[in-house]
Number of protein chains: 2
Amino acid sequence: MAENHHEYPRMLGALLRIPFQAIVTKIEAGLRARGYTDLRPAHFVVFQHIRPEGSRITELAERAQMTKQSMSELVHYVEAKGYLEREPDPRDHRASIVRLSMKGEAVNNAAREIIRQVEEEWSNQIGREQMNALKQGLMAIIRVIEVENSNQ
Amino acid sequence: MAENHHEYPRMLGALLRIPFQAIVTKIEAGLRARGYTDLRPAHFVVFQHIRPEGSRITELAERAQMTKQSMSELVHYVEAKGYLEREPDPRDHRASIVRLSMKGEAVNNAAREIIRQVEEEWSNQIGREQMNALKQGLMAIIRVIEVENSNQ
DNA sequence: ACTATTTAGTCAGTTAATCTGACTATATTC
DNA sequence: GAATATAGTCAGATTAACTGACTAAATAGT
């Protein structure tokens, strides 16, 4: 809200939003170009939050800040398209563990590759030094956010 | 996708996403706390893109990268709640101009204030210097994005 | 000048994304 | 072992966004 506009200086919200949106758009387009046409932006959260050893649905829901019912649906869809595998959790028979399938790993790598390319392009334009400063700043803020969240 | 995780270094996508999400969450909570309970995140785009002199619906739709039908609905809702005023465009009788009402300006200012506070808090944590470097870097990237978009 | 085309916006209907509430089955606590 | 909490699903509702068809006004072409 009220974050933008060429005329007066942009607020931090818009400063973060515009590059983030741009990168999301590029990931979408890049995945489509590579033939992954059955994944929509909503499904990205599954890939964003799943751990390499696999995650529970409840855990994914929590990390993505949505209800477990909604996450359950997303996982179902993504699993049905072959990007996920699911197995019962041996320690807790109520739960199941979802992890990326080989196809899932492949999209994930494709997405990483796209992001890497975008970073490189931007880095070429603004300079490696400024890009590094930017990343350091973002990491510092993320650490602050994580502290806030942990002792909320 | 594949942007996160404590274990290995985060990708640029996650570096941008996490602070952006955090700020959106804070804006939501802050507006709710100030009594603006009828605005949902979807409506924020209207405020983000409207120009001080007012904007057309088609223009807002374009800037928000959505269809004019969808934007039309959002504008309707936000207008019905009293945040917007609408008047016919004297230059083009097909179009109308929407602009913020006094109530609309008030939420906008509230949102700006919330963002300013978040920036200040973060700045206190990471240091004014690093915050400035971060903002400079984001602005530089936004300039790159704007050039890309203009000669796409 | 008038016909054809484009543009601004709405109406109607659909799909996608997310929510709430109720439920089953398994775990945990006391 | 009974009471309570947790993981996940099912069903239904709401919200967000889309496509297609349309009206009215503006612009372009001849």
Side-chain angles (χ1 to χ4, degrees), chain A residues 1 21 24-25 28-29 31-32 36-51 53-81 83-99, chain B residues 1 21 24-25 28-29 31-32 36-51 53-81 83-99:
Chain A
M1 215 116 199
Q21 298 276 40
V24 170
T25 303
E28 273 187 73
L31 291 184
R32 231 180 300 117
Y36 300 108
T37 53
D38 51 7
L39 290 175
R40 290 185 295 276
H43 306 126
F44 291 5
V45 293
V46 177
F47 295 85
Q48 277 157 11
H49 295 290
I50 202 167
R51 282 182 293 121
E53 334 83 73
S55 299
R56 293 187 178 178
I57 289 183
T58 308
E59 180 198 340
L60 292 175
E62 216 167 276
R63 309 231 269 163
Q65 308 203 71
M66 67 195 318
T67 62
K68 55 187 183 170
Q69 292 95 320
S70 301
M71 181 53 77
S72 188
E73 245 185 53
L74 294 179
V75 164
H76 246 89
Y77 179 92
V78 177
E79 184 191 7
K81 296 296 180 182
Y83 297 100
L84 293 180
E85 283 162 3
R86 186 192 291 242
E87 65 177 49
D89 185 337
R91 291 146 205 239
D92 187 339
H93 288 192
R94 294 167 304 178
S96 49
I97 309 277
V98 282
R99 66 167 55 81
Chain B
M1 220 108 199
Q21 298 277 40
V24 169
T25 302
E28 272 186 73
L31 291 184
R32 231 179 303 116
Y36 300 108
T37 52
D38 51 7
L39 289 176
R40 288 185 296 276
H43 306 124
F44 291 5
V45 292
V46 177
F47 295 85
Q48 276 155 12
H49 294 290
I50 201 166
R51 282 183 291 122
E53 333 86 72
S55 299
R56 292 186 179 182
I57 288 183
T58 308
E59 181 198 340
L60 293 175
E62 216 167 276
R63 308 230 270 163
Q65 308 204 70
M66 66 195 317
T67 62
K68 55 187 182 169
Q69 292 95 322
S70 301
M71 182 53 77
S72 189
E73 244 183 56
L74 294 179
V75 164
H76 246 88
Y77 178 92
V78 178
E79 185 191 6
K81 297 296 180 181
Y83 298 100
L84 293 180
E85 282 162 3
R86 187 192 291 243
E87 66 176 48
D89 185 337
R91 289 143 208 243
D92 186 338
H93 289 194
R94 295 167 303 177
S96 48
I97 308 278
V98 281
R99 65 167 56 80

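Quick caveat: nothing in here was measured; it's all calculated off a predicted structure. Here is the naming used below: chain letters follow the sequence lines, and residue numbers restart at 1 for every chain.
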Undergrad: Please pick, from D:dA17, C:dA8, C:dT18, the nucleotide with the shortest atom-to-atom distance to any side-chain atom of B:Ala42.
TA: D:dA17
Undergrad: Under 4.0 Å, heavy atoms only, any strand: does A:Arg86 hit a base, just the sugar-phosphate, or nothing?
TA: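 Sugar-phosphate contact only - A:Arg86 comes under 4.0 Å of backbone atoms but never of a base.
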Undergrad: Below the 4.0 Å mark, does D:dG8 have OP1 or OP2 next to a side-chain nitrogen or oxygen of A:Ser72?
TA: no
Undergrad: Specify the residue among A:Leu74 and A:Asp89 whose closest nucleotide of DNA chain C lies further upstream toward the 5′ end.
TA: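 Looking at DNA chain C, the more 5' nearest nucleotide goes with A:Leu74.
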Undergrad: Roughly, in whole Å, what's the span from NE2 in A:His43 to P in C:dT18?
TA: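 Whole-Å distance recorded here is 9 Å.
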Undergrad: Which pair of non-hydrogen atoms, one from A:Asp38 and one from A:Tyr77, has the smallest distance, and what is that distance?
TA: O-OH, 2.7 Å
Undergrad: Does any donor-acceptor pair link the side chain of B:Glu73 with the base of C:dG9 at a separation under 3.5 Å?
TA: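 Check fails, no donor-acceptor contact within cut-off.
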Undergrad: Write down the distance between CZ (A:Phe44) and C1' (C:dT18), rounded to a whole number of angstrom.
TA: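 Spelled out: CZ on A:Phe44 to C1' on C:dT18 is 18 Å.
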Undergrad: Using a heavy-atom cut-off of under 4.0 Å over every strand shown, decide if A:Ser70 touches base, sugar-phosphate, or nothing.
TA: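 The answer is base, as A:Ser70 lies within the cut-off (heavy atoms under 4.0 Å) of a base atom.
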Undergrad: Is any side-chain nitrogen or oxygen of B:Arg56 closer than 4.0 Å to OP1 or OP2 of C:dA8?
TA: yes
Undergrad: In the structure I gave you, are the side-chain heavy atoms of A:Val98 and A:Glu79 within less than 4.5 Å of one another anywhere?
TA: no
Undergrad: Picking from C:dA17, D:dT19, D:dA24, which would you name as closest to the side chain of B:Thr67?
TA: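 Shortest atom-to-atom distance from the side chain points to D:dT19.
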Undergrad: Which atom pair, heavy atoms only, marks the closest approach of B:Leu60 to B:Met71?
TA: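 The pair with the smallest heavy-atom distance is O-CE, 3.5 Å.
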Undergrad: Output the rounded distance in Å from CE (A:Met71) to P (C:dT20).
TA: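 Going from CE in A:Met71 over to P in C:dT20 covers 15 Å.
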Undergrad: Taking atom C1' of D:dG8 as reference, at what distance in whole Å does atom CG of A:Asp92 sit?
TA: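 My rounded result for the distance is 10 Å.
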Undergrad: Whether A:Arg40 contacts C:dA17 is assessed here as follows: a side-chain N or O lying under 4.0 Å from the phosphate OP1 or OP2. Is that the case?
TA: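 Checking A:Arg40 against C:dA17: at least one side-chain N or O falls below 4.0 Å of OP1 or OP2.
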Undergrad: When you measure from the side chain of A:Arg99 to the backbone of A:Glu53, do you find a donor-acceptor pair of N or O atoms at a distance under 3.5 Å?
TA: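 Yes.
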Undergrad: If I take atom CE in residue A:Met66 and atom P in nucleotide C:dA16, what distance separates them, rounded to the nearest angstrom?
TA: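 The answer, rounded to whole Å, is 16 Å.
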Undergrad: B:Ile50 pairs by side chain to side chain contact (heavy atoms under 4.5 Å, CB included) with which of B:Leu84, B:Val75, B:Val78, B:Val45?
TA: B:Leu84
Undergrad: Kindly say whether, by distance alone, the side chain of B:Gln69 makes a donor-acceptor pair under 3.5 Å with the base of C:dG13?
TA: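 Absent.
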Undergrad: Which whole-number value in Å describes the distance from B:Lys68 NZ to D:dA24 C1'?
TA: 12 Å
Undergrad: Just how far, in rounded Å, is C1' of D:dT9 from CD of A:Glu79?
TA: 13 Å
Undergrad: Between P on C:dT18 and NE2 on A:His76, what's the gap in Å once rounded to a whole number?
TA: 17 Å
